[in-house]
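We number each residue from 1, following the sequence as shown.
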Amino acid sequence: MIFVLLFVVACFLAYSNGANDNFKGVATLFGSGTTNYSRAINWATLTTFLGSVTAIFLASSLVKNFSGKGLVPDALIQTPEFAVSIALGAGITVFLATKIGMPISTTHSLVGGLFGSGIVAVGSTFNFSLLGSTFIMPLILSPLMAAIASIVVYLLFRRLRVFFGVNKQICICIGQEYVPIVNNLNKVNPVSNSITSYKSINIDKEQKCIERYQGAFLGLNAQKLLDAAHFLSAGVVSFARGLNDTPKLVGLLIVINTLSIEWGMVAVALAMAIGGLLNAKKVGETVSKKITPMNHGQGFTANLITGLLVTTASIHGLPVSTTHVSVGSIFGIGSVTKKSDIKVVRNIVLSWILTLPIAALISAIVYFLLSSAV
């Protein structure tokens, strides 16, 4: 029964991960108005699933890292109670954050689960130095690196746009508005009792104006080229997320000797896809709309930086958080444009700070209860 429980809990964690994380790769597509929510989440689901499948061949080092190798004794790693406690602690934490629309890191939750269960199991023999160098430092540094990189690259792209003569256009709505003729008492004119049309101009909030690029780059329409590159970069981010996150979850399942890594990858990939399709919208709104307004070029830049950093980390076995990198990139853009909502960013950072201790506490309690029962 404990092995069945482990499989179910790991799938629950994967489901929660998909609900909280799947939309982050395409958030700028939706936030910049490049496409609608439905098309964005479908593109994210497809490319994330492809990344999960590719992880079977390219990300074996992450599977080893998140099985707890080196953090606790090898004998403890092989106990299903340890894996269940980690998965349940992380899964509950991510699920609760998803319900309130906070984009937190599944990676951070897993680290918290490892820490909580590990402390209860082995006490002071837990490898704190490895935890800091292999897990904590990449999680702290990755959003800072992403923010700085997005600022530098965006400023560079802006200079190139000006150099090649590609200009911004702001579109407003001009049309006919039909209104009734009224007298001084604000009543419908009893004589004419008619409705007359007037020319009107609709002026709305700045972020609702349609900003497009006019000009050509290498003989191609700048706006169409940018939109294609934006979709491609969003696919790269989602692919990288599947590549980076799936092995972390499969690492919890390797104690089930009857389940191969390949089949574990497939099960996790499916659960992640379902979670994203059913429950990603609330977190998606936070990341795409509330951190900062962005146009097509800014969204493309943020996605490009996120994709490059997460893919590089996956290949080198560094468990960075796609959430931290994505939010860091978007915040970097908002820092340049001076449109970031500091209150929203503050709440997100607070949720990041609370993620590890909450996951650690839940995981520690679960491990204590399971080990006592056994």
Side-chain angles (χ1 to χ4, degrees), residues 6-27 41 44-56 59 62-63 65-67 83-114 135 139 142 237-254 264-284 286-287 306 310 313-314 319-327 348 351-352 355-356 358-359 362-363:
L6 173 57
F7 180 79
V8 171
V9 170
C11 289
F12 166 69
L13 173 58
Y15 177 92
S16 300
N17 171 270
N20 197 276
D21 282 14
N22 269 16
F23 198 78
K24 294 166 187 172
V26 297
I41 191 60
T45 301
L46 173 62
T47 49
T48 300
F49 186 82
L50 292 176
S52 298
V53 173
T54 305
I56 298 173
L62 278 175
V63 174
N65 282 347
F66 269 90
S67 65
V84 168
S85 63
I86 295 171
L88 197 56
I92 292 174
T93 303
V94 176
F95 183 78
L96 293 176
T98 302
K99 286 299 182 181
I100 62 174
M102 281 293 104
I104 69 168
S105 166
T106 302
T107 304
H108 217 171
S109 300
L110 282 168
V111 171
L114 280 165
F135 297 99
L139 294 175
S142 57
V237 172
S238 297
F239 179 90
R241 198 193 74 76
L243 184 69
N244 194 269
D245 280 9
T246 306
K248 301 170 190 174
L249 309 185
V250 174
L252 299 170
L253 293 174
I254 62 173
M265 293 279 191
V266 172
V268 166
L270 289 174
M272 285 170 55
I274 295 171
L277 288 172
L278 296 182
N279 282 310
K281 194 164 188 177
K282 200 164 187 178
V283 172
T286 300
V287 179
T306 302
V310 175
S314 298
V320 301
S321 164
T322 306
T323 302
H324 291 189
V325 175
S326 178
V327 171
I348 291 174
S351 71
W352 290 357
T355 297
L356 195 148
I358 291 174
I362 296 172
S363 179

- Report the C-alpha distance between T54 and F239 in whole Å, list the side-chain angles of each, state the deciding distance to 0.1 Å, and finish with yes or no for side-chain contact (heavy atoms from CB on, under 4.5 Å). CA-CA 9 Å; T54 305; F239 179 90; 3.4 Å; yes
- How far apart are the C-alpha atoms of W352 and H108, what are their side-chain angles, what is the distance that settles it, and do they pass the ring-ring contact (aromatic ring centres under 6.0 Å, His included) test? CA-CA 8 Å; W352 290 357; H108 217 171; 8.2 Å; no
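Note that the CD1 atom of I41 and the CG atom of L278 stand 10.0 Å from one another [nearest 0.5 Å]. Atom NE2 of H324 sits about 12.5 Å away from atom OG1 of T306, to the nearest 0.5 Å. Interatomic distance, L356 CG to S105 OG, rounded to the nearest 0.5 Å: 9.5 Å.
By the 4.5 Å heavy-atom criterion applied to side chains, R241 and T106 are not counted as neighbours. Contact annotation: the side chain of K24 approaches that of V283 to within less than 4.5 Å [non-hydrogen atoms, C-beta and beyond]. Within the 4.5 Å cutoff, side-chain heavy atoms of L249 are placed close to those of M272. At a threshold of 4.5 Å between non-hydrogen side-chain atoms, the residues S238 and V26 count as touching. Side chains of F49 and T45 form no contact here, defined as non-hydrogen atoms less than 4.5 Å apart. Using a 4.5 Å heavy-atom threshold, the side chains of N279 and F95 count as separate. Under the 4.5 Å side-chain criterion, counting only non-hydrogen atoms from C-beta, I348 is not in contact with T323. You'll find the side chain of L110 reaches within 4.5 Å of the side chain of L13, heavy atoms only.
A donor-acceptor pair is defined here as one N or O able to donate and one able to accept, closer than 3.5 Å; no such pair exists between the side chain of T48 and the backbone of G242. No donor-acceptor pair closer than 3.5 Å links the side chain of S363 to the backbone N or O of G89.
In terms of heavy-atom proximity, T98 sits nearest to A19 at CG2-CB, 3.8 Å. Across all non-hydrogen atoms, the minimal contact from D21 to I104 is OD1-O, 3.6 Å. Closest heavy-atom contact between P247 and L243: CD-O, 3.2 Å. Contact detail for I362 and L88: the closest heavy-atom pair is CG2-O, 4.4 Å. Smallest separation of non-hydrogen atoms from T47 and A44: OG1-O, 3.3 Å. What you find for S109 and T93 is that their closest heavy atoms are OG-CG2, 3.9 Å.
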